[in-house]
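Okay, structure first, notes after.
Just so we're clear, the structure is a prediction, and the values are computed from it rather than from any experiment. Throughout, a chain's letter reflects where its sequence line sits, starting with A, and its residues are numbered from 1.
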Amino acid sequence: MSEIPKAYEPQSVEEKWYQFWCEEGCFTADPARVNEQRPGYSIVIPPPNVTGMLHLGHVLNNTIQDILSRKARMDGREVLWLPGTDHAGIATQVQVEKALKREEKKTKYDLGREEFLKRVWAWKEKHGGIIIQQLKKLGCSCDWTRERFTMDEDYSRCVQKVFVDLYKKGLIYRGKRMVNWCPVSQTALSDEEVEMKPQKGFLWYFRVEVADAPEAPATESSAGEGTESDGKDEKPTYGPIVENGKTYLLIATTRPETIPGDTAVAVNPKDPRYTHLVGKHVIRPLPVENQARIPIVADEHIDIEFGTGVLKVTPAHDKADFDIGQRHQLPAVDVLNPDGTMSELAGADLKGLDRFEARKVAAAKLTEIGALVKEERYENNVGFSQRADVPIEPRLSEQWFLKYPSVKEALACVEQAEEGSARGSRADSGGSPESSSQVLKLEGDVLDAPSNTARGPRALPGKMRFHPDRWAKVYDHWLSNIQDWCISRQLWWGHRIPAWTQPVTGPTQWVRALPQAVEENTPWTTDLQSSRGFDYSLSGVPGHTTVFQRYRLHGGGPGIYAATLSSVEEAKLAEYGFTQDPDVLDTWFSSWLWPFATMGWTGDPAVDAENPMLKAFYPTSDLVTGPDIIFFWVARMIMAGYEWMGDLPFRNVYFTGIIRDKQGRKMSKTLGNSPDPLDLIAKYGADALRFGVMRSAPLGQDVLFDEKDVELGRNFCNKLWNACRFRQMQGGEVEGEINPALLGSDDKWILLRLDQAICEIDEAFADYKFNEVTATLYRFFWSEFCDWYLEAAKAAFQGEDPARKANVLAVIDFVLGHMLRVFHPFLPFITEELWHDLGYAEDLPEDQGGKTIMVAHWPKPFDNDVKAHYGLEPTAEQLANAKYDLVTKGRNFRREFNIPANKKIAFALRPAGQLESHEADVIRLLLNAETLEVNPAYVPPKGTPSAHSPLGELYLPLEGLIDAEAEKARLTKELAKVEVEIQKVEQKLGNENFTARAPAHVLAEHRQRLADWQARQEQIRAAVDCLS
RNA sequence: GCGCGGUUAGCUCAGAGGUAGAGCACUUCCUUGACACGGAAGGGGUCGCAGGUUCAAGUCCUGCAUCGCGCACCA
């Protein structure tokens, strides 16, 4: 034991212990140690981007994972918290491209693919470890020996394997379709990467001439626009315009620049205004040099109410239009380049312009040719690229798609917490895998045995639970309506698609080139109808195969696709004239394998069945992540888990809230409202940051972050530090034996409070309510242990009884020893430091806290034997409570009568019964009294303030110093309050319905309450009498 | 449009049928031998609104208001 400094200084402590834990291998999981007595517990980290920097979201997320991991270790489980990063395709590539431009003024094309990728790897080696280092500062107990990266060789192989497997199953296909195109990143995106945002723009109304209109009836309105009768909101009505014998249609659009791409206009077949024109043609106004005739088609999709009821159809640049085009066999004219500029086909006026510039020019052009009728301000939802924050461009493009596998299983496994039946599963998870901790039987003090509480809404066997469970509904909805996943990205950084292609130029070309067997067995497939591929070994080397499919694109030529994992086969394919697909896979197509690809999964069932890591740690126990990636990641991992492991990937998913600033705004770099967690750690300490964040993060709510929370965390640590320092300053034997015979009411009270706290904490843990745990920790340690128990203990320390003093020390050690352990998951550093400083590690076996508090046993609530042994009967608690109540009232006198807090004054107590002298000593000390005269026959001088308690009457005899009138006023005020309470209770008890129907214990409680208030009333009245 | 969440003390949030809670902020007093990153004592709420169920409603039900978040092809 060394002297500890007055204020807690986290920096050196944190550094020292983190290094110690790592050097001693405290975080390293060993699958060989897993058995019935020692169940495995596992979490895979949601891999942060290699480009990433730690932000408060990471702090929240990873602190929770660390708490779960550390708690599980103390529960006696073998814990794997598996860390790593993902390669973040677009984000990383963009960063490196930017750096390249800045430093060398070059583009990736200047370097070429291979050289560019070298640069990305170099960049990754240099910057990729930053976030990992930051997680270490936070205290994360990840198994760093098993750190993974999604581009690791083994991991990449898993990705390829999965691709070929799905391809072979006919679930992956290539198709020419409308995709979400990001003109900045110049790649396709999945639907999930598109964010709808309201945009202010214009609705342009322009007219087009019907080229082959029937003779206009004379009665036809000649105006295209009218207004509906006399309504206040003048809602224009539209119809064909007849003017000078010509018929025109009025069309509303937000995107006039795409007019050159229009290949039809469409109306609803039920729209009487236009039915006679269906089948006719209009003259497309742009480009002016190419005013083509395009048909008027009838399609149900058109909303009669919207705009003019006429829709321009641009199959190449709108998803809905594309579908209409399919239904009516319309050509698609692509008027945009991949970078968002207008193409040749857009015509001379627009060609080369950026799409937004072109929009203005197109509108001007319409005005110029007299086609524009009007423009109005308009707000609509536009899809934005999440990554580049620019409007996406729906674009017809050839991409790889995936029909999601194992959807049925994924839908079935997540328990929907509905009213009724599902509620039943809340109770004991008797048969659940989580209860495997119940088989734990560890020797030692009952108080030291690990907790085996497995209450709460944990998942049933084979099932999964979301916390909070409302996300199950969101998940369910998404999974029930999913579209095929566009998995190819036009990037260089990522997993290159292991598919090779060769277009078929002539009817027999490929047949000559490839072996007969391939031709005969290779099925045809299209993007609408898939089938299983044909497996063949081109090289003839055993175990090396290629999967072939013959492919016909929509409106395109036929081709052959081949997918293989084998480099030997790849060489052969090259020989036969195949080229590898240049694209890479969506990053999520690799992260969805994270829970098992990180554990050495190979895809070979025989090998995987013998994999000790998978056997010990799959399925993982808990996943902690943000709800913003429920579709991107969580749902897809569940599908992958079923598809390749035949089992769900995790049992519980904890969804964190989103961290916002104290005004409720999202954290963002541009707002500058996102504090750097490392600064906070430097200023307050990692424990303080952890505690502060956890304290303000209720389950299922967003977190409004305030630096004050971290300050509070620091204060808490400092308080803990000083409480332990106080203990240390008392000296004496460490963790002496507690003698039950010497326990006073305060000792018993704090032991009961400790028991209560442990119960509450276990319960909150079972429900993943971490902020409730912190609330209990805070209350128990600060409001109960420090404010009352330590203060009361000073009476023994100042007293003359060495046996009592030693016993109080033993109680303090007992409580602190338990407290440090329940604090440990939240405050790993300071608890480890104090654990050793106070000498609690000394007598314990190495693997039970002797080396580190990390594996000290989690405290267990007291059983009846323990309670009986220490005499922890409810009356002990009542006596202590009565004492504290009396003390509070006594202290209140100081304020009422303006007596400075530091002035020692004399009190007198007329006890209601027997009061042991050391109990009186405690009261005297807590009152900061000069003396406390305990006298059953005490008669107070007139005008003496008094307070009533079950322990007796407390008096403050300050002759001459007390203003009798003021005291009378005080008592009268209190009397009024008491009378209000009496009235309330009497009213209730006077209600026959209440007395007849309320349960007995409620009734009894009310009667007791009334009696208490009435006694109080009497006492105050007596006191008032005494004053006059 | 559909779905989900919030609305409780000045602020941030707990509480889910039986006497309204915490932290911060505020007021007064206190550098007393663990801690001023501290101690003591206080003040402060008709629990968004309106109905209903109940002996009893922040708590359960129905509607409404309001803020926020998902999902959705209205040009």
Closest approach to the side chain of A/Glu981, judged atom by atom: which nucleotide of B/A75, B/U19, B/U27 is it? B/U19

From the set B/C29, B/A75, B/C71, return the single nucleotide nearest to any side-chain atom of A/Pro900. B/C29

Between A/Asn771 and B/A14, is there a contact of a side-chain N or O with OP1 or OP2 at under 4.0 Å? no

The side chain of A/Glu772 is closest to which nucleotide in this list: B/G18, B/C35, B/A14? B/A14

Does a nitrogen or oxygen in the side chain of A/Arg891 sit under 4.0 Å from OP1 or OP2 of B/A41? yes

Below the 4.0 Å mark, does B/G39 have OP1 or OP2 next to a side-chain nitrogen or oxygen of A/Trp782? yes

I need the CD-C1' distance between A/Gln1008 and B/U19, as an integer number of Å. 13 Å

Please report the distance, rounded to the nearest Å, between CG in A/Asp687 and C1' in B/C37. 15 Å

When we call it a touch if two heavy atoms are under 4.0 Å apart, what does A/Arg714 touch: a base, just sugar-phosphate, or nothing? base

Examine the base of B/A34 for any acceptor or donor lying under 3.5 Å from a partner atom in the side chain of A/Glu791, and report the outcome as yes or no. yes

Describe the nucleic acid contact of A/Leu712 in one word from base, sugar-phosphate, nothing, applying a heavy-atom distance below 4.0 Å. sugar-phosphate

Nearest to the A/Arg725 side chain among B/C35, B/A75, B/C24, which nucleotide is it? B/C35

Regarding A/Ala775, tell me which of base, sugar-phosphate or nothing describes its non-hydrogen contacts under 4.0 Å with the strands shown. nothing

Determine the Euclidean distance between corresponding P atoms of B/U66 and B/C24; express it in Å to zero decimal places. 36 Å

Can you check whether A/Lys794 has a side-chain N or O nearer than 4.0 Å to OP1 or OP2 of B/A34? yes

Under 4.0 Å between a side-chain N or O of A/Thr888 and OP1 or OP2 of B/A41? yes

Base, sugar-phosphate, or nothing: which does A/His1006 touch, judged by heavy atoms less than 4.0 Å apart? sugar-phosphate

Starting the side chain at C-beta, find the nucleotide from B/G33, B/U19, B/A34 nearest to A/Glu1005. B/U19

Fit a plane to each ring of A/Phe770 and A/Tyr768, take the angle between them on a 0 to 90° scale, and name the class: parallel (under 30°), tilted (30 to 60°) or perpendicular (over 60°). perpendicular

Which value, in whole Å, describes the distance between the C1' atoms of nucleotides B/G44 and B/U27? 11 Å

For A/Lys977, answer base if it contacts any base atom (sugar-phosphate contacts may also be present), sugar-phosphate if it contacts only those atoms, and nothing otherwise; contact means non-hydrogen atoms under 4.0 Å. sugar-phosphate

Identify whether any heavy atom of A/Asn481 sits under 4.0 Å from a base atom; if not, whether one sits that close to sugar-phosphate; answer base, sugar-phosphate or nothing. nothing

Which part of the nucleic acid does A/Pro468 contact within heavy-atom distance under 4.0 Å: base, sugar-phosphate only, or nothing? nothing

Within the structure shown, what part of the strands sits under 4.0 Å from A/Lys719 by heavy-atom distance: base, sugar-phosphate, or nothing? base

Any strand counts, and the cut-off is 3.5 Å on both contacts for Watson-Crick or G-U wobble. Which nucleotide pairs with B/G43? none

B/G1 pairs with which nucleotide, Watson-Crick or G-U wobble, both distances below 3.5 Å? B/C71

With respect to the phosphate group of B/A56, does any side-chain polar atom (N or O) of A/Asn991 fall under 4.0 Å of OP1 or OP2? no

Please confirm whether the backbone N or O of A/Leu926 pairs with a side-chain atom of A/Arg891, one donor and one acceptor, at under 3.5 Å? yes

Can you tell me how the ring of A/Trp204 sits relative to the ring of A/Phe202, calling it parallel under 30°, perpendicular over 60° and tilted otherwise? tilted

Counting only side-chain N and O atoms of A/Lys903, is one of them less than 4.0 Å from OP1 or OP2 of B/U32? no

Thinking salt bridges, do A/Arg284 and A/Asp262 make one under a 4.0 Å N-O criterion? no

Does B/U59 have a Watson-Crick or wobble partner in any strand here, with both distances under 3.5 angstrom, and which is it? none

With respect to the phosphate group of B/U19, does any side-chain polar atom (N or O) of A/Arg1009 fall under 4.0 Å of OP1 or OP2? yes

Run the ring-centre check on A/Phe716 versus A/Phe823 and record whether the distance is less than 6.0 Å. yes

Measure from CG on A/Asn902 to C1' on B/U28 and round the result to the nearest Å. 14 Å

Salt bridge or not for A/Asp885 and A/Lys889, using N-O below 4.0 Å? yes

How far, in whole Å, is B/G15 from B/G6 if one measures between their P atoms? 10 Å

Value in whole Å for how far the C1' atom of B/C73 lies from CZ of A/Phe306: 12 Å

Using atom P of each nucleotide, how far apart are B/A20 and B/C35 to the nearest Å? 39 Å

Rounding to the closest angstrom, what is the interatomic distance between B/A40 and B/U32 at atom P? 15 Å

From the list A/Glu760, A/Glu763, A/Gln756, side chain to side chain donor-acceptor pair (under 3.5 Å) with A/Thr776 holds only for A/Glu760

Looking at every strand, decide which applies to A/Glu192 at a 4.0 Å heavy-atom threshold: base, sugar-phosphate, or nothing. nothing

Please state the C1' separation for the pair B/G45 and B/U8 - nearest whole angstrom. 7 Å

Result for 5'-nearest mapping on RNA chain B, choosing between A/Asp702 and A/Tyr778, is A/Asp702

Any N or O donor-acceptor pair under 3.5 Å from the base of B/C2 to the side chain of A/His477? no

Is any side-chain N of the basic residue among A/Glu707 and A/Lys683 closer than 4.0 Å to the acidic one's carboxylate O? yes

Could you tell me whether A/Glu992 contacts a base, only the sugar-phosphate backbone, or nothing, with contacts defined as non-hydrogen atoms closer than 4.0 Å? nothing

Could you please name the partner base of B/A25, counting Watson-Crick and G-U wobble pairs only when both distances are under 3.5 Å? none

How far does the P atom of B/A57 sit from the matching atom of B/G3, given to the nearest Å? 30 Å

Separation between the P atoms of B/A56 and B/G51, rounded to whole Å: 16 Å

Aromatic rings A/Tyr378 and A/Phe306: how do their planes relate, parallel, tilted or perpendicular, breaks at 30° and 60°? perpendicular

Whole angstroms only, please: what is the CZ-C1' distance between A/Phe726 and B/G39? 14 Å

Phosphate OP1/OP2 of B/C2 contacted by A/Lys473 side-chain N/O (<4.0 Å): no

Under 4.0 Å, counting only non-hydrogen atoms across every strand here, what does A/Asp323 touch: a base, just sugar-phosphate, or nothing? nothing

What is the separation between atom CG on A/Asn892 and atom C1' on B/G39, rounded to the nearest whole Å? 16 Å

Heavy atoms under 4.0 Å, any strand shown: does A/Cys717 hit a base, just sugar-phosphate, or nothing? nothing

OP1 or OP2 of B/G70 sitting under 4.0 Å from any side-chain N/O of A/Tyr475? no

Less than 6.0 angstrom separating the ring centers of A/Trp471 and A/Phe466, yes or no? no

In whole Å, what is the span from the CZ atom of A/Phe206 to the P atom of B/A75? 15 Å

Applying a 3.5 Å limit to both distances, which nucleotide forms a Watson-Crick or G-U wobble pair with B/U66? B/G6

When the distance from CZ of A/Arg895 to P of B/G39 is rounded to whole Å, what number comes out? 18 Å

Reckon A/Thr254 touches a base, only the sugar-phosphate, or nothing at all at heavy-atom distances under 4.0 Å? sugar-phosphate

Under 3.5 Å for both donor-acceptor distances, Watson-Crick or wobble: does B/C35 have a partner, and if so which one? none

